[in-house]
Amino acid sequence: MSVRVRIAPSPTGNLHIGTARTAVFNWLFARHHGGTFVLRIEDTDFERSRPEYTQNILDGLTWLGLTWDEGPSFQTQRLDLYRQAVQTLLEKGLAYHCFCTEAELEVMRAEQEAKGQAPRYDNRHRNLTAEQQQAFVAEGRQPVIRFRIDDDRTITWNDMVRDQVSWKGSDLGGDMVIARRADFGEIGQPLYNFVVVVDDMDMQITHVIRGEDHVGNTPKQILLYEALGANIPEFAHTPLILSPSGKKLSKRDGVTSIDDFRKMGYVPEAMVNYMTLLGWSAPDAQERFTLPEAAEKFDFERVNKAGAKFDWDKLNWLNSQYLHDMPTDRLTDLLIPYWQNAGYALDTGDRTWLTQLTALLAPSLVRLEDAVAMSRYLFVPTIEYAEAAVIQLKQEGVTPVLQGILSSLDGMGTFTEAEAQTLIQQVVKDLGVKKGLVMKSLRAALTCDLHGPDLIQSWLLLHQHQLDTSRLQEALAIAAA
RNA sequence: GGUGCCGUAGGCAAAUCGGUAAAGCCGCAAGUCUUUCAAACUUGUGUUUGCGGGUUCGAUUCCCGUCGGCACUGCCA
C-alpha cells in the first residue's frame, strides 16, 4: 500500500512554525516513500476560523516549498460525511445523546475536584430510557452526542518515534463528545477528534504524523477507528519545538509565524533546512541540505523523542549561508523591496548600481532586513555620523587629507577602483602621511562610521550618485567644529 | 490533582547486538587575512550521559526508584 500522509492545519491563525515543521516531516516522509501528501483545512470551528488565515497557510506552505499533491479540502464542506458517521455510531449503539447542561457538568467537576479526583464525565446519561430522553426534550434541553469509552479497555499502539505507548480507557475522561449540542433528532456540529478520524479514514491516510501534543488524542481516535470499522493508521508523534525557556513555542514567544520570519528576511531554504534539523539528524551528519536531499535520507528511526529548543543563532547561521551562496541577481531582487519599504529613493532602472551594492553587502548579510541599515549611507544624502567617526574626523592631520582628496576629486568623472587607489596613494605621498590615516579618515567621512563593507567599493557607489563630495565637505565641517 | 512522554556539553545533536562517550554543527575565545567590520580559514573551549541503586567482566544504552521538564486533561483544534 502506498504511503498517504496529510497536514491538517486549522485556519485560526497564520501559519505557525510548529505546523510548518509538522508539514516538513510529512512532506519528507511522503517524498521518501514516493507517497502522497494531502492538505486538509480543519475549519470546523467556524467561530475562530477565518478565510485570510487559510490563505496565509496556503501561501506559507507554498513559499516554503512544501507542495501538496491533493487538496486543499475543507471540513466545512464535508459535514454530511461526518453526520453520517455519527448516525452510524448512534445506530450501532456506540454513541448516545447526553442531555447534561453546562451547569450540571460544572457542578460535577467541582465535586470531583473537591475530592481530589481527576475531572471526567461520569457517563450518567449513557443508558437513558426513551421516556427519560423525552422528559429532557420536553424540558427544552438539547443533547450533545457522546461516544462510549470502555473504562476497562487498554489502548496500545506502536508509535514510529515513541515505540509502544499505552493508555487506559479510564484515563480518557469518560465518554467523549463527538457532536455539539443540537435539537434532539438532529446532529450538531461534529468535533475535532471525531472529524479527524472520519477524514483520515475517508482519505485513506496511512501514516498520521503530527506533534507530540496530540498523543493524548490518539487513544480516543483509535477507539473511533475501531467503532467505525476502519484500519488503524500508523502514528508518529514528533517532538515539539520549544522556546528558549523550554516551553512549547507559542505566539507569546514573539516571532512564531512563518510570515514573520519571511518579513525579517529569512529565506525559505534556510527555514526548511533549520526545521528539518530540529528533531532529526542526517545519518552522515550533513547540516545543509535542500528538502529533496533531506527526503532521500529521512526516516523516523532518526527522529528524536525530546523537544528541541529553538535556536536563533543556528537559524541565523543557516540563513547567512544561503544568502552568501545566492546568485547576486536573485539576491538583488530580494533586497529591492526592503530598500523600498525603508523609504530609500532608489532607481530600479539602475540595475548595475544595485547589483554592485548587493555584491558589496552579500558577505555581511544574516537576514535580508540587515541590508537596510547597512546601506543607509549610500541612499540617504545626510545621515548622522557615528560617535567614533566624529572622533576620528577630529584627529590631527585629518583636515588636509580630506581637502587633498576633495581637490583631486574636483572635475573628476566616474572613476575605477584602480584610479581611486592611485588617488589615495597620491594624497599619501603629497602629504607624507600614513595610508592608514587616509583610509580611516576617508571611511569616517564617506560612510559616517568606522566599520562597514569595502571602502573603495563603497566610495565608487557613492561617487556614482554624486554623494561623495558633499559627504567630504560635511566631514570637513565636523573636523573644523 | 490525574495521565502520558521526555531528560547526553550554553543550543541542535552522534554513538550497529550493552563494550567502555561526548563525532559533527551552532555559539563562545584566540589567531591569520583585511584600511575597518563581516566572510573565510586555523586553533582552542565544554562530560561524574538529571540523580541514586541494581543486573553485568563492562550500561548513555536493560531493570527499579527518585527528581526535574514538558504535553494533555473542553460541547477548541
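So you know, we letter chains A, B, ... as the sequences are listed, proteins then strands, and number each from 1.
Between B/U47 and B/G10, the two C1' atoms lie 14 Å apart (nearest whole Å). One C1' atom belongs to B/U48, the other to B/U8, and the distance between them is 13 Å to the nearest Å. Comparing B/A9 with B/U45, their C1' atoms sit 11 Å apart, to the nearest whole Å. For the P atom pair drawn from B/A59 and B/U49, the interatomic distance equals 11 Å after rounding to whole Å. B/A13 sits 32 Å from B/G58 when the P atoms are compared, rounded to a whole Å. B/G11 and B/C51: their P atoms are spaced 15 Å apart (whole Å). As rounded to the nearest Å, B/G65 and B/U20 have P atoms that lie 29 Å from one another. When the P atom is compared between B/U43 and B/C37, the two are found 22 Å apart, to the nearest whole Å.
Using N1 to N3 plus N6-O4 or O6-N4 for Watson-Crick, or N1-O2 and O6-N3 for G-U wobble, each under 3.5 Å, B/C33 pairs with nothing. For B/G46, there is no paired nucleotide, since no Watson-Crick or G-U wobble pair has both relevant distances below 3.5 Å. If you check B/A59 for Watson-Crick or wobble pairing at under 3.5 angstrom, you find it has no partner at all. For B/C70, the paired nucleotide is B/G4, the pair qualifying as Watson-Crick or G-U wobble because both relevant distances are below 3.5 Å.
Listed pair A/Ser281 / B/A14 meets the phosphate criterion, a side-chain N or O lying under 4.0 Å from OP1 or OP2. The phosphate of B/A40 has OP1 or OP2 within less than 4.0 Å of a side-chain N or O from A/Gln321. Side-chain N/O atoms of A/Arg109 include none lying less than 4.0 angstrom from OP1 or OP2 on B/U73. Taking only side-chain nitrogens and oxygens, A/Thr44 comes nearer than 4.0 Å to OP1 or OP2 of B/A77.
The side-chain tip of A/Arg21 points at the ring of A/Phe25 from less than 6.0 angstrom away and within 45° of straight on. A cation-pi arrangement, defined by a distance under 6.0 Å to the six-membered ring centre and an angle within 45 degrees of its axis, is absent between A/Arg471 and A/Tyr385.
Listed nucleotides: B/A13, B/U35, B/C76. Nearest to the side chain of A/Asn304: B/A13. When the nucleotides B/C26, B/U35, B/A77 are ranked by their closest atom to the side chain of A/Lys314, B/C26 comes out on top. Side-chain proximity of A/Lys309 to B/C6, B/A77, B/G11: nearest is B/G11. Of the candidates B/U3, B/C76, B/A23, the closest approach to any side-chain atom of A/Leu191 belongs to B/C76. Set against B/C6, B/U36, B/C12, the side chain of A/Arg162 has B/C6 as its closest nucleotide. For A/Glu287, the listed nucleotide lying nearest its side chain is B/G24; candidates were B/A77, B/G24, B/A38. Across B/C25, B/A38, B/G69, the shortest atom-to-atom separation from the side chain of A/Lys247 is found for B/G69. Looking at the side chain of A/Lys248, the nearest of the listed nucleotides B/C6, B/A71, B/A13 is B/A71. Among B/U35, B/C12, B/A39, the nucleotide with an atom closest to any side-chain atom of A/His324 is B/A39. Comparing B/A71, B/A77, B/G11 by their closest approach to the side chain of A/Arg48 singles out B/A77.
Side chain to side chain, A/Ser375 and A/Trp339 meet the donor-acceptor criterion of an N or O pair below 3.5 Å. A/Gln286 and A/Lys297 are linked by a side-chain donor-acceptor pair at a separation below 3.5 angstrom, with hydrogens and angles left out of the test. A side-chain N or O of A/Asp183 and one of A/Gln142 form a donor-acceptor pair less than 3.5 Å apart.
Put simply, CH2 on A/Trp317 is 15 Å from P on B/A13, counting in whole angstrom units. Rounded to whole angstrom, the span from the CG atom of A/Leu365 across to the P atom of B/C37 amounts to 18 Å. A/Glu113 places its CD atom 11 Å from the P atom of B/G1, with the value rounded to the nearest Å. Here B/A71 presents its C1' atom at 16 Å from NZ of A/Lys305, a figure rounded to the nearest Å. One can place CG of A/Leu249 at 11 Å from P of B/A71, the figure rounded to the nearest angstrom. The distance between atom CG of A/Asn193 and atom C1' of B/U73, rounded to the nearest whole Å, is 12 Å. The distance from atom CG of A/Leu360 to atom C1' of B/U36 is 13 Å, rounded to the nearest whole Å. In this structure, CZ of A/Phe310 is placed 14 Å from P of B/G27, rounded to the nearest angstrom.
Residue order along RNA chain B, read from the 5' end via each residue's closest nucleotide, puts A/Ile456 first among A/Ile456 and A/Gln189. Each of A/Val165 and A/Met439 was matched to the nucleotide of RNA chain B holding its nearest heavy atom; the match closer to the 5' end belongs to A/Val165.
Of the residues in residues 208-217 of chain A, those lying under 4.0 Å from RNA chain B by heavy-atom distance are A/Glu212, A/Asp213, A/His214, A/Asn217.
Between A/Asn319 and A/Gly265, the closest heavy-atom pair is ND2-O, 3.1 Å.
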Which donor-acceptor pairs under 3.5 Å do side chains of residues 444-451 of chain A form with protein atoms, sequence neighbours excluded?
| residue | atom | partner | partner atom | Å |
| --- | --- | --- | --- | --- |
| A/Thr447 | OG1 | A/Arg443 | O | 2.8 |
| A/Thr447 | OG1 | A/Asp449 | N | 3.4 |
| A/Thr447 | OG1 | A/Asp449 | O | 3.1 |

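Residues A/Phe379 and A/Tyr377 place their aromatic rings such that the two centres sit no closer than 6.0 Å.
Within 4.0 Å (heavy atoms only), A/Ser166 reaches sugar-phosphate atoms of the nucleic acid but no base atom.
A/Asp325 has its side chain within reach of A/Arg288: a pair of non-hydrogen atoms, C-beta onward, lies under 4.5 Å apart.
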